[in-house]
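The next block holds one structure in the form of structure tokens; read it before the comments.
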Amino acid sequence: MANLGGDRHSQLAPQQQVQQRLALQQHKDQASSSHRSDTLLSRIPKILPHERVFPIQIGCELFKLSGASISSDAPSYFSQYFLCQIRQAEKNGEDVSSAIRTLYIDRDPVTFKDIYLHLQGYHVQPRDATHFVRLFADAQFYSLPKLMSQLYGESVFTSIGHREFQIPRELFSDPGNSPNFFSLGFTIFFSTPEDVFPGLDREGLLRPPSIIPPSVPLRSADTFAELLRLLRGYPVAIRDETHRADLLRDCRYFNFRGLEQRLIPHSISFNQARRRDEIVIRLKDILKSGITVTPEPTAADPLAGWVTYARPFVDDRPYELVLEIGDETTRLQFGPGGAGASSSSIRAEFFRDSRTRIAKMFEVIATKLKLPPTTQPPGLLMAKGGGLSSQSPTPGNTPLSEDLVRVMLDPEASVTLDGRPWVAPASEEMNDERPYVTTTATVAPPSSGNMSAPSSAGGQDSPLSMHAPFSLSNSNNNNTIPPPSKKRRRVDSHGPSNGGMQAEEWIVRTGQWRLRIQEAKNGKAAVECVLMAVKVDAMSSEQSRNSQRGFLGG
């Protein structure tokens with residue numbers, strides 16, 4: 001029995017030791033907590049006596065705060081008011097307790113309850129946009145620096161399309177998306193924690209101005225919700241081009257520049273044939289800050305290179321640029337011999353916005369290459385009136401090109417002419433008397449009849465009143481291309497004289513081009529920019545354009 005009793009005593013002793021250790025640890029924790037409280041209390045500046053109670057009436061409700069609570073967020077309107085009373089009483093030799101009068105402020109007591117909690121050491125979280133602006137307005141009116149700083153870091157409360165949104169400010173911290181609509185517009189009253197109603201004199205201000213919650217009623221709440229999802233890093237499926245246009249429109253409205261660059265139509269891929277990454281992007285989406293030039297010198301051309309592009313705020317490195325130009329704003333002009341002649345005689349003319357954008361792009365490229373600017377003769381500027389600013393920029397205003405830009409139809413380019421695949425003839429020498437040229441390309445048969453336009457279509461002055469340079473022979477099954485029609489639209493010759501011969505024209509619906517920098521033999525500068533065709537959809541007659549029209553009724 002003695003042995004059994006000894007065993008039980010040996011089992012209970014460790015449990016008692018554990019309990020004693022837990023009790024000792026709890027005592028230490030309580031002491032540490034009390035020490036932290038004393039430390040925190042000691043950190044409150046002693047602006048007012050910590051133990052004294054000060055009465056503040058807000059509207060119809062009376063609040064009583066200790067000097068420690070008021071001093072915790074000071075200097076403020078409250079601390080200055082009661083400090084002046086204490087100093088005046090001490091100066092007059094009066095009793096401080098009887099000298100302190102109640103501070104009355106005609107403001108909302110419901111809003112002040114949150115400020116009351118803040119002064120007592122609680123964290124106050126805005127509930128909605130109305131609560132936020134009221135809390136912020138009163139915090140500024142009472143000059144509470146800590147509360148203003150806290151609210152300045154809070155989420156942005158706003159209403160978009162009559163739907164409430166709470167937006168974390170870190171979503172706007174990205175350099176590509178800041179400054180934006182909210183930081184530049186809504187924060188006129190929430191600009192910095194130090195400002196007290198910017199533009200208003202605090203002295204003599206009886207009450208803060210009325211501030212309505214930020215609201216943008218004329219924008220789509222659904223579209224804005226998708227933009228927020230994208231800003232948070234989640235994907236959003238682009239349903240169609242109309243949906244993409246809606247997202248881009250609101251990106252530009254709210255000035256989310258980085259997000260806009262992610263949403264613009266583009267394609268990034270690795271070209272196995274060229275062993276390099278490339279980006280396809282539209283001309284109207286090009287920004288000058290993303291343009292660079294990558295040298296690629298060869299023995300034959302030590303100045304050769306390619307134009308590269310990186311989307312600002314998004315891409316960390318540039319890609320070889322494949323520029324897409326659409327909207328039928330490009331016209332290709334072939335020299336004597338038409339499309340079968342030397343590719344060095346092909347020139348591109350641009351119209352409407354594309355001409356201005358190409359000119360500005362060439363200006364940026366010339367700047368990157370450190371080329372001297374091209375100046376217009378003073379007499380020409382004076383004759384047109386208004387100087388250079390009154391003229392529409394053209395590629396000829398840059399040192400990289402003439403008004404008609406040099407184009408190369410590379411054998412690897414995919415060319416569709418009048419809805420059918422087109423392959424350049426094997427020989428560089430081609431004229432109207434040349435017999436049919438056999439090609440290995442598979443050409444789809446025309447959908448209806450003869451594809452050549454009638455001789456009177458469009459008149460002689462119409463830019464599209466030319467005839468197809470090639471058409472399929474319905475009686476020939478060996479996939480041959482007949483010679484060009486002799487009824488080509490005559491165009492003015494640019495550059496060397498063409499001996500009175502007629503030149504062929506194509507209107508490009510949509511084209512994709514690489515921009516090659518190469519040595520210029522007789523150019524304005526040492527180098528020139530050449531458009532290398534990648535993919536081209538063109539038409540050679542107005543009939544081809546009309547055949548692809550659709551009726552409004554479907």
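Positions are given from 1 along the sequence. The figures here come from the full heavy-atom set of this structure, side chains too, leaving out hydrogens, waters and symmetry mates. In this text, all values refer to a predicted model and were calculated from it rather than measured experimentally.
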Is the shortest side-chain N to carboxylate O distance from [X] to [Y] below 4.0 Å?
{"X": "Arg347", "Y": "Asp403", "value": "no"}
{"X": "Arg331", "Y": "Glu349", "value": "yes"}
{"X": "Glu296", "Y": "Arg276", "value": "yes"}

Do [X] and [Y] make a side-chain contact, defined as non-hydrogen atoms from C-beta onward lying under 4.5 Å apart?
{"X": "Ile279", "Y": "Asp315", "result": "yes"}
{"X": "Glu328", "Y": "Arg545", "result": "yes"}
{"X": "Val280", "Y": "Tyr309", "result": "no"}
{"X": "Pro395", "Y": "Leu400", "result": "no"}
{"X": "Leu171", "Y": "Arg232", "result": "yes"}
{"X": "Ser215", "Y": "Glu164", "result": "no"}
{"X": "Ile268", "Y": "Arg311", "result": "yes"}
{"X": "His266", "Y": "Glu324", "result": "no"}

*Quick one: do Asp250 and Arg219 satisfy side chain to side chain contact (heavy atoms under 4.5 Å, CB included)? Show the steps, please.*
CA-CA 8 Å; Asp250 278 13; Arg219 311 309 296 183; 2.5 Å; yes
*State whether the side chain of Thr308 and the backbone N or O of Thr292 hold a donor-acceptor pair below 3.5 Å, judged by distance alone.*
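Indeed, once roles are kept as given, a pair shorter than 3.5 Å links the two residues.
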Would you please say whether a donor-acceptor pair under 3.5 Å links the side chains of [X] and [Y]?
{"X": "Asp301", "Y": "Thr298", "result": "no"}
{"X": "Glu154", "Y": "Gln166", "result": "no"}
{"X": "His243", "Y": "Glu226", "result": "yes"}

*Measure from NZ or CZ of Arg516 to the centre of the six-membered ring of Trp306, then state whether that distance is under 6.0 Å and the direction lies within 45° of the axis.*
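So Arg516 does make the cation-pi contact.
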*Identify whether NZ of Lys or CZ of Arg in Arg127 sits under 6.0 Å from the centre of the six-membered ring of Phe132 and within 45° of that ring's axis.*
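No cation-pi geometry.
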*For the rings on Phe254 and Phe224, is their centre-to-centre separation under 6.0 Å?*
yes
_Phe157-Phe165 aromatic ring centre distance below 6.0 Å_ = no
Atom pairs and distances, side-chain donor-acceptor, residues 350-365, under 3.5 Å, sequence neighbours left out:
| from | atom 1 | to | atom 2 | distance (Å) |
| --- | --- | --- | --- | --- |
| Arg352 | NH2 | Asp327 | O | 2.9 |
| Ser354 | OG | Thr329 | OG1 | 2.8 |

Straight-line distance of [X] [atom1] to [Y] [atom2], nearest 0.5 Å:
{"X": "Leu515", "Y": "Glu320", "atom1": "CG", "atom2": "CD", "result": "10.0 Å"}
{"X": "Leu332", "Y": "Leu409", "atom1": "CG", "atom2": "CG", "result": "6.5 Å"}
{"X": "Leu323", "Y": "Asp285", "atom1": "CG", "atom2": "CG", "result": "10.0 Å"}

For residues 526-537, run the donor-acceptor check on the side chains, cut-off 3.5 Å, and write out each pair with its distance to 0.1 Å, sequence neighbours left out.
| from | atom 1 | to | atom 2 | distance (Å) |
| --- | --- | --- | --- | --- |
| Glu528 | OE1 | Arg406 | NE | 3.4 |
| Glu528 | OE2 | Arg406 | NE | 3.3 |
| Glu528 | OE2 | Gln518 | NE2 | 3.0 |

*Starting from the C-alpha separation in whole Å, work towards a yes-or-no answer on side chain to side chain contact (heavy atoms under 4.5 Å, CB included) for Gln548 and Met539.*
CA-CA 11 Å; Gln548 298 191 26; Met539 52 189 173; over 6 Å; no
_Minimum heavy-atom distance Ile281-Pro265, with the two atoms named_ = CG1-O, 4.0 Å
*Report the C-alpha distance between Thr223 and Asp246 in whole Å, list the side-chain angles of each, state the deciding distance to 0.1 Å, and finish with yes or no for side-chain hydrogen bond (donor to acceptor under 3.5 Å, both in side chains).*
CA-CA 7 Å; Thr223 301; Asp246 290 341; 5.3 Å; no
